[in-house]
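As the structure is a prediction and not an experimental result, all values here were calculated from the model.
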Amino acid sequence: MIRGINHIYIYLMKIGILASLLCGLSMAVHAQKVDNSTITSFDLNRYLGKWYEIARYDHAFERDLVGATAEYTLLDNGMIKVLNSGHLYTLDGKFKESTGKAKPNKNGKPGQLRVSFFGPFYSDYYILDLAPDYSYSVVGSSSPKYLWILSRTPQLKPDVQSKIIKNLQKRGYDTSKLIWVEQK
């Protein structure tokens with residue numbers, strides 16, 4: 001009798017563990033599902049120049065930066081120079097900058113670039129949304145872990161910011177994870 005109960009107990013434990021794993025996997029897959037489709041037309045020359053970082057998801061390579069900007073410059077060889085900069089902790093804090101390069105994605109889709117700050121290793125740069133006048137841009141990647149809101153000015157108008165947030169939520173992004181970047 002005790003032996004039979006032990007077998008049943010072990011069987012139920014295995015089922016419980018399997019159910020927990022499947023539930024966790026299902027939640028992970030569901031949580032990662034976002035619409036990261038990119039814009040359908042793009043003029044690189046209009047996109048070049050300075051952008052202020054309005055908000056971003058947290059990640060190690062920009063942690064604690066405020067006053068963050070990105071500047072894109074077209075090089076003679078067709079590549080794009082990427083200069084990211086900002087200050088640690090406060091707008092008067094230690095200045096940091098990082099120079100990288102970007103190029104169009106080989107798939108030829110508008111609004112998809114490949115960016116590198118570490119030698120031959122490139123990451124996706126997906127332009128998810130872009131104002132018709134190129135006054136703001138929303139950038140993500142093939143992974144739902146990366147998200148930036150950029151603007152040509154240090155602040156966005158509240159109605160524009162609200163519109164961007166609503167669109168991101170419709171796409172499945174968790175906007176509560178955005179870090180709002182202090183700007184001058």
Side-chain angles (χ1 to χ4, degrees), residues 34 36 38-39 42-76 79-105 110-119 121-184:
V34 297
N36 64 355
T38 58
I39 57 177
F42 178 64
D43 181 346
L44 175 60
N45 287 319
R46 290 184 68 193
Y47 198 79
L48 298 173
K50 187 173 187 172
W51 291 90
Y52 294 86
E53 190 174 274
I54 303 301
R56 67 171 177 262
Y57 276 179
D58 187 33
H59 43 77
F61 52 90
E62 268 191 301
R63 188 156 294 136
D64 300 322
L65 279 186
V66 298
T69 63
E71 192 159 352
Y72 306 105
T73 308
L74 189 61
L75 301 173
D76 291 338
M79 297 284 285
I80 303 156
K81 176 184 174 186
V82 180
L83 178 63
N84 289 345
S85 63
H87 297 270
L88 282 175
Y89 307 111
T90 69
L91 293 172
D92 295 323
K94 181 180 177 185
F95 183 74
K96 284 183 63 175
E97 68 179 16
S98 181
T99 303
K101 57 189 174 188
K103 62 184 178 180
N105 195 329
Q112 290 190 14
L113 303 172
R114 303 280 292 154
V115 178
S116 173
F117 288 92
F118 309 106
F121 304 104
Y122 282 83
S123 299
D124 295 319
Y125 183 104
Y126 286 8
I127 303 171
L128 308 175
D129 191 9
L130 183 61
D133 64 356
Y134 285 59
S135 61
Y136 71 80
S137 176
V138 179
V139 178
S141 80
S142 58
S143 165
K145 296 178 182 178
Y146 299 99
L147 188 64
W148 291 266
I149 299 173
L150 307 175
S151 174
R152 294 293 189 177
T153 58
Q155 282 83 34
L156 282 173
K157 292 180 181 175
D159 60 321
V160 173
Q161 184 171 307
S162 178
K163 176 185 148 201
I164 291 170
I165 294 301
K166 286 178 186 170
N167 287 340
L168 286 169
Q169 290 168 342
K170 285 179 190 173
R171 286 175 169 259
Y173 284 92
D174 183 354
T175 57
S176 71
K177 292 181 2 182
L178 284 168
I179 295 171
W180 297 92
V181 180
E182 183 183 0
Q183 293 285 353
K184 289 185 181 181

Please find the pair of heavy atoms, one from [X] and one from [Y], that lie closest to each other, and give the distance.
{"X": "V115", "Y": "Y125", "answer": "CG2-CB, 3.6 Å"}
{"X": "G172", "Y": "V34", "answer": "O-CG1, 3.3 Å"}
{"X": "F117", "Y": "S98", "answer": "CD2-OG, 3.3 Å"}
{"X": "K50", "Y": "R152", "answer": "O-NH1, 3.2 Å"}
{"X": "E97", "Y": "S85", "answer": "CB-CB, 3.8 Å"}
{"X": "T38", "Y": "G111", "answer": "CG2-O, 3.8 Å"}

When rounded to the nearest 0.5 angstrom, what distance separates [atom1] in [X] from [atom2] in [Y]?
{"X": "Y136", "Y": "I54", "atom1": "OH", "atom2": "CD1", "result": "12.5 Å"}
{"X": "I164", "Y": "K166", "atom1": "CD1", "atom2": "NZ", "result": "12.0 Å"}
{"X": "L147", "Y": "R56", "atom1": "CG", "atom2": "CZ", "result": "12.0 Å"}
{"X": "L74", "Y": "M79", "atom1": "CG", "atom2": "CE", "result": "10.5 Å"}
{"X": "K163", "Y": "L168", "atom1": "NZ", "atom2": "CG", "result": "11.5 Å"}
{"X": "D129", "Y": "I39", "atom1": "CG", "atom2": "CD1", "result": "8.5 Å"}

Check ring-ring contact (aromatic ring centres under 6.0 Å, His included) between F95 and all other residues, then give those that pass, not counting sequence neighbours.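 Listed in chain order: H87.
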ring-ring contact (aromatic ring centres under 6.0 Å, His included) involving Y47 - partner list, sequence neighbours excluded: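 Only F42, W51, Y72 meet the ring-ring contact (aromatic ring centres under 6.0 Å, His included) criterion with Y47.
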Is there side-chain contact between [X] and [Y], with heavy atoms separated by less than 4.5 Å?
{"X": "L178", "Y": "I165", "answer": "yes"}
{"X": "L150", "Y": "T69", "answer": "no"}
{"X": "I149", "Y": "W180", "answer": "yes"}
{"X": "N36", "Y": "L128", "answer": "yes"}

Closer than 3.5 angstrom, by distance alone: can the side chain of [X] be matched with the main-chain N or O of [Y] as a donor-acceptor pair?
{"X": "Y52", "Y": "L156", "answer": "no"}
{"X": "E53", "Y": "G67", "answer": "no"}
{"X": "S116", "Y": "F121", "answer": "yes"}

Between D92 and T90: side-chain donor-acceptor atoms closer than 3.5 Å: no
Pair E62, W148: side-chain N/O donor-acceptor within cut-off below 3.5 Å: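 Side chains of E62 and W148: pair found under 3.5 Å.
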Side chain to side chain donor-acceptor pair (under 3.5 Å) test vs D124 passes for just one of S141, S143, S142, namely S142
Hey, mind stepping through I80 and L48 against side chain to side chain contact (heavy atoms under 4.5 Å, CB included) and telling me if it holds? CA-CA 9 Å; I80 303 156; L48 298 173; 4.2 Å; yes
